[in-house]
Amino acid sequence: MWVARRVMSLIARRGQYGLFYRPQGSLPKLEFRYLNCTCCWRSRIPVAGLETLNDTLSSSTTPCDDDKSLDAYYTSEQRDVILQLLNNAAKSELAAVKLLRGRKSVNIVEYRTRNGPFKNLESVINVPLLKHKSAVIVFNSILNPPEKKEKRKVKIQLAKFIRPEVERTWLEEANSIVSIVCGVNKIAWAHMDRGMNVLEWKHEDCHNFLKGTYMASAYLDDISSVVSHLPTADFFVVEKPSISLQNTALYPVMAHMRTVEAMLFALLEPRYTQPDITAPPKVLNMMRIAVGRHFGLMVGDSRTSGAQAVQQMMTESVTQKIPRVTFPHNLLVKYRNSFQMGGRSRGEELCDAMLQAVAFYELLSESS
């Protein structure tokens, strides 16, 4: 009964003290202004003219004149700068511009490929995902690029990724290296000179690997066959796997890797032993984790596939004047479909051997 009386009382007084009641003179009269639509600067929405909104509108650089095109808000020099970048920049360069990372940069390249270069700024809004407001932000970012903050990249010291330690002068004077990576059933290698030119890139199946017990004679046959096919080089860089001793399930694989590694060291070093005791060792270890970090392949303590990175290098070898790595035409043809996603055999050993060779030279340069 008490609740019913309370409700009736509130209803009776709603007109005087209800939710929409406002005493006369309690709020100032508001002047209506216009606010740009978040989707299109040509569409305007009336809003109350509070000082904060007025200040925001007056300081905004976004064009809001219905009768002008985007070109009218920039000088001819500014338009030339913007169109020069949009018409000539590669996807990677476009992705560095504010708002153009991801699909927008791809859309720009695809649009100008189909329709030719942009003739004016207004035509840019025909690109999917680029409307007036975002286009203005892109233009302003091109004209006033933000200062690049230097990434604090942790340099990997030479002594941390190469074993045994070798004097830098020996490494810098080497004409070429052979990067060697062992898998569970094959060994791959990449022969590369210090000009980042690929001289040879192969892999060989090893049928006796992980077949029952570790028969030294069987392993020796397979590894000897591989060593006999390796080209001559100043250094042989053998991958040092990063398998944890705590993972007992992977112990057989770890024992296999260590066996192959030891035999490679034993078979390769005597072939090039020199009487000069001051000469450096010819066979080196390179940490697998260091290569993974160099190419951004690490997820926690695990390393992901480097197939995409190698595919990118192969593409740049034929599309750029100064590629990161130069591949001979016959190797591009031979391996162009070997690293496709979802393929039965993606040549992970081949990928890893190539990435290790590239990382060797680049880390050597960075740590100087």
Side-chain angles (χ1 to χ4, degrees), residues 90-93 151 153-162 166-181 187-203 229-240 268 272 280 282-298 303-339 346-368:
K91 285 186 288 187
S92 56
E93 296 176 272
K151 294 182 179 179
K153 184 177 181 179
V154 179
K155 287 189 176 181
I156 306 174
Q157 298 299 321
L158 194 66
K160 291 185 178 181
F161 73 87
I162 287 292
V166 180
E167 289 186 15
R168 177 181 301 280
T169 54
W170 289 104
L171 297 176
E172 291 176 344
E173 293 172 1
N175 291 319
S176 68
I177 65 166
V178 173
S179 168
I180 306 172
V181 170
I187 294 178
W189 65 90
H191 187 198
M192 181 179 291
D193 65 20
R194 59 183 174 181
M196 306 299 276
N197 298 300
V198 180
L199 307 177
E200 187 174 297
W201 192 22
K202 292 184 177 180
H203 64 87
H229 296 141
L230 293 178
T232 303
D234 294 290
F235 290 100
F236 295 91
V237 184
V238 181
E239 182 186 65
K240 187 73 170 179
L268 287 170
Y272 301 98
K282 294 296 182 179
V283 187
L284 307 174
N285 263 142
M286 187 165 182
M287 305 301 293
R288 178 176 172 83
I289 290 179
V291 179
R293 288 175 179 169
H294 181 70
F295 287 99
L297 302 177
M298 300 302 295
R303 178 172 152 179
T304 59
S305 172
Q308 187 174 359
V310 173
Q311 280 184 307
Q312 181 67 24
M313 292 179 194
M314 295 173 70
T315 301
E316 292 174 355
S317 180
V318 295
T319 58
Q320 295 189 3
K321 291 183 178 180
I322 306 178
R324 187 175 186 177
V325 180
T326 302
F327 293 82
H329 179 72
N330 64 311
L331 291 181
L332 289 174
V333 173
K334 182 177 181 179
Y335 295 122
R336 60 185 175 182
N337 297 319
S338 298
F339 314 114
R346 293 179 54 194
E348 291 296 338
E349 292 85 2
L350 279 169
C351 287
D352 292 348
M354 180 58 61
L355 294 179
Q356 181 172 260
V358 175
F360 177 89
Y361 283 112
E362 291 183 345
L363 289 174
L364 178 62
S365 175
E366 289 179 7
S367 58
S368 60

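Treat the numbers as computed from the prediction; the structure is a model and nothing was measured.
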With a 3.5 Å distance limit and no angle check, can you tell me whether [X] reaches the backbone of [Y] through a side-chain donor-acceptor pair?
X	Y	result
Ser179	Ala353	yes
Thr315	Gln311	yes
Tyr335	Trp201	yes
Asp193	Ser176	no
Arg194	Glu172	yes

Heavy atoms, side chains only, cut-off 4.5 Å: are [X] and [Y] in contact?
X	Y	value
Met192	Leu199	no
Lys282	Leu268	no
Met354	Val198	yes
Leu297	Ser305	no
Ile162	Phe360	yes
Met313	Leu355	yes

Which value, rounded to the nearest 0.5 Å, describes the distance between [X] atom [atom1] and [Y] atom [atom2]?
X	Y	atom1	atom2	value
Phe295	Gln308	CZ	CD	13.0 Å
Leu363	Leu171	CG	CG	12.0 Å
Glu239	Ile180	CD	CD1	11.0 Å
Met286	Phe161	CE	CZ	5.0 Å
Asn175	Thr232	CG	OG1	12.0 Å
Met196	Ser317	CE	OG	11.5 Å

Report task. Indicate yes or no: does Asp352 engage Arg303 in a salt bridge with an N to O separation below 4.0 Å. Result -> yes
Query - Modelled atom types, side-chain donor and acceptor of Glu316 and Gln312, under 3.5 Å - result: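 A pair is found: one side chain offers a donor N or O, the other an acceptor, under 3.5 Å apart.
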Report summary line: Those residues at least two apart in sequence (or on a different chain) that pass side chain to side chain contact (heavy atoms under 4.5 Å, CB included) with Glu200 are Trp189, His191, Lys202, Pro231
**Report entry** Leu350 to Ala188 - nearest heavy-atom pair and separation
**Finding:**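 Looking at all heavy atoms of both residues, the closest pair is N-CB, 3.7 Å.
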Query raised in the report: What are the two closest heavy atoms between Ile177 and Tyr361, and how far apart are they?
Result: N-OH, 3.5 Å
Query raised in the report: Is there a side-chain contact (heavy atoms from CB on, under 4.5 Å) between Arg168 and Leu364 once you walk through the steps?
Result: CA-CA 8 Å; Arg168 177 181 301 280; Leu364 178 62; 3.7 Å; yes
Please table the atom pairs, donor to acceptor, closer than 3.5 Å between any side-chain atom in residues 320-329 and protein atoms at least two apart or in another chain.
residue: Arg324; atom: NE; partner: Glu362; partner atom: OE2; Å: 2.8
residue: Arg324; atom: NH2; partner: Glu362; partner atom: OE1; Å: 2.8

